[in-house]
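Beneath this line is the structure, given in structure tokens, with notes to follow.
Along the sequence shown, residues are numbered consecutively beginning with 1. Excluded from the calculations below are hydrogen atoms, water molecules and symmetry mates; all remaining heavy atoms, backbone and side chain alike, are included. What you see is a predicted model; the values in this text were computed from it and never measured.
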Amino acid sequence: MSAPMHPTMQELADSAGVSRRLLFQAAAVHRYGCAELVKTAHDGLLAMKHCETLAKALPHDEQREFLAELPTMTPRQRHDLLAIIKGDLLYRTWS
């Protein structure tokens, strides 16, 4: 008797009509993100790649703080802040 076969991420992505990368980003948001960040990603209020960056870079309390300020940010402020957070995350990864 063989073990049941689980679909690969590529098979799941193909069946959902999305990229494999998007599935990995969503998995990271669900694993590391606070509930509010998961909801923000699910509702499409912030791009999944940005939600992934926040989930991986910030603790839950700081994620909530960022999300609370999100409505008052200009697109440029949001872009600049996310770039700083992503840069810090990359620096910590290589350090």
Side-chain angles (χ1 to χ4, degrees):
M1 181 176 207
S2 64
M5 295 290 293
H6 296 291
T8 66
M9 287 296 263
Q10 187 62 56
E11 291 168 340
L12 289 172
D14 291 344
S15 69
V18 297
S19 70
R20 194 174 80 138
R21 179 70 190 132
L22 182 69
L23 289 183
F24 280 108
Q25 290 169 338
V29 171
H30 279 271
R31 182 173 187 173
Y32 303 112
C34 65
E36 295 86 349
L37 184 61
V38 172
K39 181 168 178 14
T40 297
H42 184 267
D43 293 346
L45 299 175
L46 193 60
M48 188 65 73
K49 67 180 184 177
H50 299 314
C51 292
E52 177 194 28
T53 297
L54 293 171
K56 288 182 173 180
L58 302 175
H60 286 188
D61 58 333
E62 291 180 29
Q63 292 173 24
R64 288 184 191 96
E65 195 175 304
F66 179 91
L67 293 172
E69 295 177 21
L70 191 60
T72 62
M73 289 182 199
T74 65
R76 185 47 151 176
Q77 289 170 323
R78 185 172 53 241
H79 175 271
D80 291 346
L81 187 53
L82 285 164
I84 291 168
I85 292 168
K86 187 171 185 175
D88 288 345
L89 179 62
L90 291 172
Y91 176 76
R92 284 189 302 197
T93 303
W94 289 100
S95 296

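Checked against salt bridge (charged side-chain N to carboxylate O under 4.0 Å, His left out), Arg78 has no partners two or more places apart in sequence or in another chain. Judged as a side-chain hydrogen bond (donor to acceptor under 3.5 Å, both in side chains), and not counting sequence neighbours, Asp80 has no contacts. Residues forming a salt bridge (charged side-chain N to carboxylate O under 4.0 Å, His left out) with Arg21 (at least two apart in sequence, or on another chain): Glu52.
Between the side chain of Glu62 and the backbone N or O of Pro59 there is no donor-acceptor pair closer than 3.5 Å. The main-chain N or O of Thr74 is found under 3.5 Å from a side-chain atom of Gln77 such that the two form a donor-acceptor pair.
Residues Leu58 and Thr53 have side chains not in contact (no heavy-atom distance under 4.5 Å, counting atoms from C-beta outward). With a 4.5 Å cut-off on side-chain heavy atoms, Met73 and Phe66 count as touching.
Hydrophobic clustering (side-chain heavy atoms under 4.5 Å, transitive across Ile, Leu, Val, Met, Phe, Trp, Tyr) groups Met9 together with Val29. Following chains of ILVMFWY side-chain contacts shorter than 4.5 Å, one cannot reach Leu54 starting from Ile84, and the two form parts of different hydrophobic clusters. Follow the hydrophobic side-chain contacts under 4.5 Å out from Leu12 and you reach Phe24 in the same cluster. Note on Tyr32 and Leu22: separate hydrophobic clusters, where clusters join Ile, Leu, Val, Met, Phe, Trp and Tyr whose side-chain heavy atoms are under 4.5 Å apart, directly or indirectly.
Residue Ala55 comes nearest to Ala28 through the heavy atom pair CB-O, 4.0 Å, listed as atom of the first residue, atom of the second, then distance.
Note that the NZ atom of Lys56 and the NZ atom of Lys86 stand 9.5 Å from one another [nearest 0.5 Å]. Going from atom CG of Leu45 over to atom NZ of Lys39 covers 7.5 Å, rounded to the nearest 0.5 Å. The CD atom of Gln63 sits 10.0 Å away from atom OG1 of Thr40, with the distance rounded to the nearest 0.5 Å. How far CD of Glu36 is from SG of Cys51: 12.0 Å, rounded to the nearest 0.5 Å. Considering CD of Gln25 and NE2 of His30, their distance stands at 12.0 Å, rounded to 0.5 Å. Note: Met48 CE to Leu23 CG = 9.0 Å, rounded to the nearest 0.5 Å.
Summarising the local packing, NE2 of His79 is surrounded by 12 or fewer heavy atoms from other residues, nucleotides or ligands at distances under 6.0 Å.
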